Amino acid sequence: VNQLASLPSVDRLLKHDVLIELISVSGRDQVTDTIRERLSELRQQLSEGAINECPDDNQLAKEIAARVNGQNAASLKRVFNLTGTVIHTNLGRVSLPAAAIQAMNTAAAYPTNLEYDLASGKRGDRDTHIESLLAELTGAEAATVVNNNAAAVMLTLNSLAMGSEVPVSRGELVEIGGSFRIPDIMARSGCHLIEVGTTNRTHLKDFAGAINTNTALIMKVHTSNYEVQGFTKSVDEAELAVLAHEHHLPFVSDLGSGTLIDLTQFGLPHEPTAAETITAGADIVTFSGDKLMGGPQAGLIVGSRELVDRIKSNPMKRALRVDKITLAALYEVLRLYRDPSSLAQKLPGLHLLTRPLTDIQQIATQILPLFESTLGHRYNVSQQSCQSQIGSGSLPLDLLPSVAIAVTAKDGKDQTLVELAQNLRQLPIPVIGRITNGVMLMDLRCMEDISTFCNQLKSLISPQPQND
Ligand SMILES: *Cc1c(COP(=O)(O)O)cnc(C)c1O
């Protein structure tokens with residue numbers, strides 16, 4: 001109990017060099033609060049006899065600094081995505097091109113003409129910054145942008161079909177990861193889903209039979225994350241557009257990922273483009289900015305002037321609109337599509353999707369020895385062929401050949417691998433791989449910045465070998 005008297009005062013600690021330095025970075029209040037918190041813990045532990053003596057001031061100052069720095073560490077961190085899924089929604093989907101990052105910086109740092117028409121000096125419209133470029137790239141008359149494609153679908157349905165019926169094929173009642181389900185979005189958008197056809201087969205006559213005076217539009221949903229195979233039939237865009245127009249109804253297509261150009265020119269599978277869908281007769285097309293398009297999170301709505309104007313005049317547009325930073329990035333990403341020949345170098349998402357296998361192989365050969373020297377005492381490390389996924393519900397069945405570092409535990413215990421995964425996640429830039437069937441795979445398709453990766457790998461906190 002005498003030891004209680006040896007506890008330093010708050011004032012004494014505040015004068016410690018380490019904490020003076022910390023105050024200059026983090027402010028006096030947080031440091032003072034943390035000192036009080038630590039001293040009160042020590043008082044408790046000493047009086048209960050849990051410890052016998054108080055740490056010295058140097059030790060205490062270090063502990064307090066570590067605690068304050070821990071509290072101030074950002075929760076949103078950069079990570080290495082070695083999961084093998086390129087467009088990984090939980091890891092923030094795609095990185096943006098340099099030009100977009102530059103534009104985001106400028107938009108963040110300075111006032112902008114976001115909604116200000118420089119020619120007339122009057123109020124402007126934020127969509128004007130990207131509308132003509134989107135029109136050029138998709139062949140649509142008009143365009144608007146919202147927070148993400150889920151918002152684009154919701155706003156479109158709410159603007160054009162509230163209180164009315166929307167027929168959709170039973171084969172297209174998609175659930176995207178998380179909680180985006182077409183039937184739920186329809187309900188929340190205030191329209192009545194009319195299911196037509198069956199899970200595997202839907203015919204034009206099913207749609208025709210569903211149309212009545214309460215029908216607001218016909219909708220097609222891209223089956224992004226699954227494929228119905230075998231005895232199947234769906235109705236294509238062109239046929240649905242003709243049917244809709246015969247009944248003076250709009251035809252709306254949710255492309256999900258969608259793209260702006262034909263990806264087969266990069267050796268990737270074909271994904272419907274917004275332009276193809278407009279050409280097929282769609283009156284409104286919605287798609288994501290941050291799936292295959294490779295831009296910032298956004299939902300793009302393109303189509304006829306009249307319908308886009310109706311969508312834009314919905315009061316909910318205000319609640320779903322994008323900010324100046326997104327618009328700045330989106331413009332730069334869209335601009336890159338004017339020159340498809342340089343797209344695979346300039347757009348990080350496409351760059352990773354089209355990375356030659358030999359490049360990935362070379363990275364594996366380069367970093368394997370480091371993995372061996374860091375982990376070799378406890379783990380078997382090797383190179384292994386693997387397959388990357390495109391991800392985010394884009395082209396679900398198309399896999400890309402890749403190379404992984406494969407790690408197994410020498411003791412064969414799952415727990416030993418789980419520990420490694422944990423340690424990798426605790427690195428300054430956490431490394432995220434995947435464990436399947438007792439093997440930890442780190443797919444190197446998305447490995448960039450190899451020197452940073454290698455430098456931090458050396459500090460991997462890995463239990464030392466048993467003495468034997
Ligand atoms: C991904 C997807 C959405 C949602 O898009 P977000 O950009 O994630 O909001 C909607 N519809 C389909 C068909 C999708 O694939």
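Residues: numbered from 1 along the sequence shown. Both ligands and their constituent atoms are indexed starting at 1 by order of listing. In this text the structure is predicted, and so the values were computed from the model without any measurement.
Between Gly303 and Ile278, the shortest heavy-atom contact is CA-CD1, 4.2 Å. Across all non-hydrogen atoms, the minimal contact from Ile367 to Cys454 is CG2-SG, 3.7 Å. Met447 approaches Arg355 most closely through the heavy-atom pair O-NH1, 2.9 Å. Residues Thr354 and Arg445 approach most closely at N-NH1, 4.4 Å, considering heavy atoms.
In this structure, Val174 does not count as a contact residue of ligand 1, since none of its heavy atoms falls inside 4.0 Å of the ligand. For Asp254, the closest heavy-atom approach to ligand 1 falls below 4.0 Å.
Listed by atom number, the atoms of ligand 1 under 4.0 Å from Ala150 heavy atoms are 4 (C), 5 (O), 6 (P), 9 (O). Atoms of ligand 1 lying under 4.0 Å from any heavy atom of Arg93, numbered from 1 in the order shown and given with element: 6 (P), 7 (O), 8 (O). Numbered from 1 in the order shown, with element, the atoms of ligand 1 that lie under 4.0 Å from a heavy atom of Ser288 read 5 (O), 6 (P), 7 (O).
Here atom 3 (C) of ligand 1 lies nearest to Asn149 when heavy atoms of Leu255, Ile87, Asn148, Asn149 are compared. Of the listed options Lys291, Glu175, His222, Lys291 places a heavy atom closest to atom 2 (C) of ligand 1.
Every residue two or more places apart in sequence or in another chain was checked for a side-chain hydrogen bond (donor to acceptor under 3.5 Å, both in side chains) with Ser164, and none qualifies.
Residues Arg170 and Asp206 are not paired through a salt bridge, judged by the lack of any N-O separation under 4.0 Å between the basic side chain and the carboxylate.
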